[in-house]
Amino acid sequence: MSFELPPETRPLGEASSDRLHISFRVAREAAAAVRHAERRHDVTYVARPRGIFGVLRSRAPVAIILYVAARDGRLVWRSLGAFAVLEPPNGARLAGRPGMSLLRLLDRRWDLLLFLIPPAVLLMLSAASAALAGVSRWLPALWAAYLLVIGVLLHVCVLGIAAVVTMTVRWILGLPVRDRRDWSVGEELRFQHWSMSLCHCIDPALAHDLLGEVTERLQGLVRAQMMGAVGDLRVRLWTVEVNEPLLCLLDGATTHAMRDALREMAGANSDGVTFLATGPRTDVRGRQVSMSGFDVLCALVGMGLVFLIEAYTLAGWEQDECLPDCAGRPATFGSALRWLASRVIFDTPSDLVPLTSKAWVLGWLNAVMAVMAVLLVLVLAWRTSVARRERVDSFRKRMEPVLGTSTVLIMVATNEERDAVIQAVAGVTGVGPQRRHLEHHTTFDLGLVSRARVLLAQTRPAAVDPGGAQLTAKSLIDRLRPDYLLLTGICYGLREGEQQLGDILVCTQLRGIDHKKIVEPTPGMPIEISRGERVAPSVTLLDRCQTARLTKGTPKVHFGPMLSGSVLLNSPTARQELIDAHPDAIGGEMEGVGVYAAAAKEKVDWIVVKSICDWGMGKNDDWHESASRNAAEFVRDVLLNGGLDQPPLRSA
């Protein structure tokens with residue numbers, strides 16, 4: 001896959017390319033920048049964690065990681081001073097150019113390659129030396145073959161012994177481990193989510209822009225995966241809503257400023273990890289406990305291959321010494337294999353006695369290797385059982401701030417109301433709104449307040465207009481799937497003696513006043529009978545509003561029934577008629593009944609919270625801005641208290 005870049009963001013030496021690609025020279029320069037960063041030690045243990053037995057690094061050097069990521073389209077590149085690397089969930093398959101599978105193997109299984117390739121090369125050289133010695137009878141070539149085989153065994157034994165010692169020190173003696181448990185939690189979650197393992201930005205002013213590009217790139221990568229998945233099914237996708245949360249490993253940030261920017265944009269975090277939202281919902285999947293036996297399985301398979309090659313080599317050695325009479329000698333592949341298998345358990349078959357001293361050395365090295373393999377399996381099994389219990393117990397507590405996020409949609413009707421909400425929430429999050437264009441509407445992602453993802457959308461005034469509250473709310477609920485829906489902004493008050501301009505009204509009941517029946521029992525004297533619904537808002541949201549502010553002050557907060565109708569009220573006579581018909585009502589507005597109609601059908605918790613800007617007569621705009629600000633700040637306080645952090649329980 002490839003992505004178009006503007007010329008100013010292309011790397012040095014690649015300005016003529018129309019694809020995101022950096023040369024290996026540029027990758028090495030970028031890796032050098034990471035090595036000299038202020039948090040380089042922490043970054044190393046995230047970008048290149050320990051692999052087989054905790055001795056070798058599981059990932060390639062940073063230069064190779066960057067080069068492969070660039071060719072995969074996973075490198076978000078601005079310059080040598082600002083770039084980030086995205087990683088797919090473990091096991092995910094990405095489409096790519098020819099040869100990418102080999103590069104990905106080099107990147108992701110660096111430890112396995114270091115474990116297997118040197119022995120393989122040494123064995124091939126040994127076979128070549130043995131063949132040369134068999135043809136020319138040149139003694140140095142024969143000894144070179146012997147030494148190369150012994151080198152293979154020493155390579156395997158040294159790595160195995162180092163692994164046993166490392167795991168014993170870490171898990172039996174309980175010494176502190178550099179690869180902290182924060183990394184362990186993050187590594188478990190990398191099996192489930194896209195992640196950002198490396199983020200380098202030396203200019204703090206560019207941090208938020210870089211993270212914005214990261215989320216856009218992730219959306220593109222996920223869409224590309226989706227298109228590839230349905231490409232052969234003859235299915236056409238009109239829209240693809242990407243809600244994949246990006247797992248950010250905080251220790252992957254090379255500077256303290258970059259780490260702080262991650263925390264600021266993502267909000268909730270669990271010390272070592274946090275999630276950056278790329279869509280309206282961030283459905284974080286829970287951790288799945290993974291077993292750690294794959295590396296040992298690979299190592300044991302490698303040892304088995306070495307064992308077979310040793311049997312073939314041993315048979316050749318014995319034949320060279322015992323021909324023409326090799327009775328009782330391990331001079332065939334089968335007999336050599338049986339003799340080596342006996343040496344694994346420190347035994348010697350009575351009917352097989354090697355003639356060469358090299359065979360005896362090989363047998364003892366195999367015995368040591370077998371003991372090492374048994375110790376590895378025992379230590380790993382013990383380590384896995386203990387670590388599994390500890391990590392399962394601590395995971396939910398440590399990740400609860402991240403896994404417990406909810407989605408709160410705030411709806412407004414005017415520009416003043418929109419700007420007031422953005423300003424109030426930005427004062428908490430410290431980040432500006434991220435604009436997202438849906439099919440018919442524009443939403444703003446305002447970030448996290450406490451542990452609630454806050455989205456903002458604007459509707460046209462009134463409820464029944466094509467762009468009005470009911471259809472807008474219905475469309476947004478279908479696309480964004482919010483957990484809570486709050487309608488806020490300005491309204492008119494109906495109790496002028498008890499209320500002040502700027503006071504906040506919270507509805508305990510919403511009454512539709514448009515739906516009515518008109519009868520005329522006496523000619524010339526029509527009578528209106530209200531048939532509008534009387535509905536109560538969410539119990540949870542009403543409770544959170546009642547406890548949002550525990551101290552009395554200004555503006556005051558009033559709770560009571562509110563009227564809702566698609567009529568802009570500016571008449572003392574009509575106002576008095578409403579008061580006479582609804583003497584207990586505290587105020588009225590125009591969009592609430594539409595929001596209710598959409599939310600009720602989808603079982604979304606809703607409420608109306610507005611501030612008084614006039615009395616339904618003698619209208620002017622003097623209090624629009626102040627009332628919008630008061631309502632927005634009250635909603636902000638509801639969010640800050642944490643009462644909307646958890647999604648509500650839904651009945652079946």
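Since the structure is predicted, the reported quantities are computational estimates derived from the model, not experimental observations. Values reported hereafter were calculated over all heavy atoms of this structure, with side chains retained and with hydrogens, waters and symmetry mates removed.
A salt bridge does not link D419 with R629: none of the charged nitrogens is closer than 4.0 Å to a carboxylate oxygen. A salt bridge is defined here as a Lys NZ or Arg NE, NH1 or NH2 lying under 4.0 Å from an Asp or Glu carboxylate O, and E417 with K610 fails to meet this definition. The existence of a salt bridge linking D614 and K619 is confirmed by a sub-4.0 Å separation between a basic side-chain nitrogen and an acidic carboxylate oxygen. Salt-bridge annotation for R549 and E633: absent, with no side-chain N of the basic residue lying under 4.0 Å from a carboxylate O of the acidic one. The pair D251-R39 meets the salt-bridge criterion, with a side-chain N (NZ, NE, NH1 or NH2) lying under 4.0 Å from an Asp/Glu carboxylate O.
In this structure, a donor-acceptor pair under 3.5 Å is absent between the side chains of D483 and Q646. E589 and S564 form a side-chain donor-acceptor contact under 3.5 Å, judged by distance and modelled atom types alone. Looking only at atom types and distance, the side chain of T442 has a donor-acceptor partner in the side chain of H437 under 3.5 Å away. Side-chain contact annotation: R217 with Q219, donor-acceptor N/O pair under 3.5 Å absent.
Here F83 pairs with W77, H200 under the ring-ring contact (aromatic ring centres under 6.0 Å, His included) rule; sequence neighbours left out. Applying the side chain to side chain donor-acceptor pair (under 3.5 Å) criterion to H441, with sequence neighbours excluded, gives no partner residue.
For the ring pair (Phe, Tyr, Trp, His ring centres under 6.0 Å) condition, the pairs that include at least one residue of residues 587-609, sequence neighbours left out, are Y596-W606.
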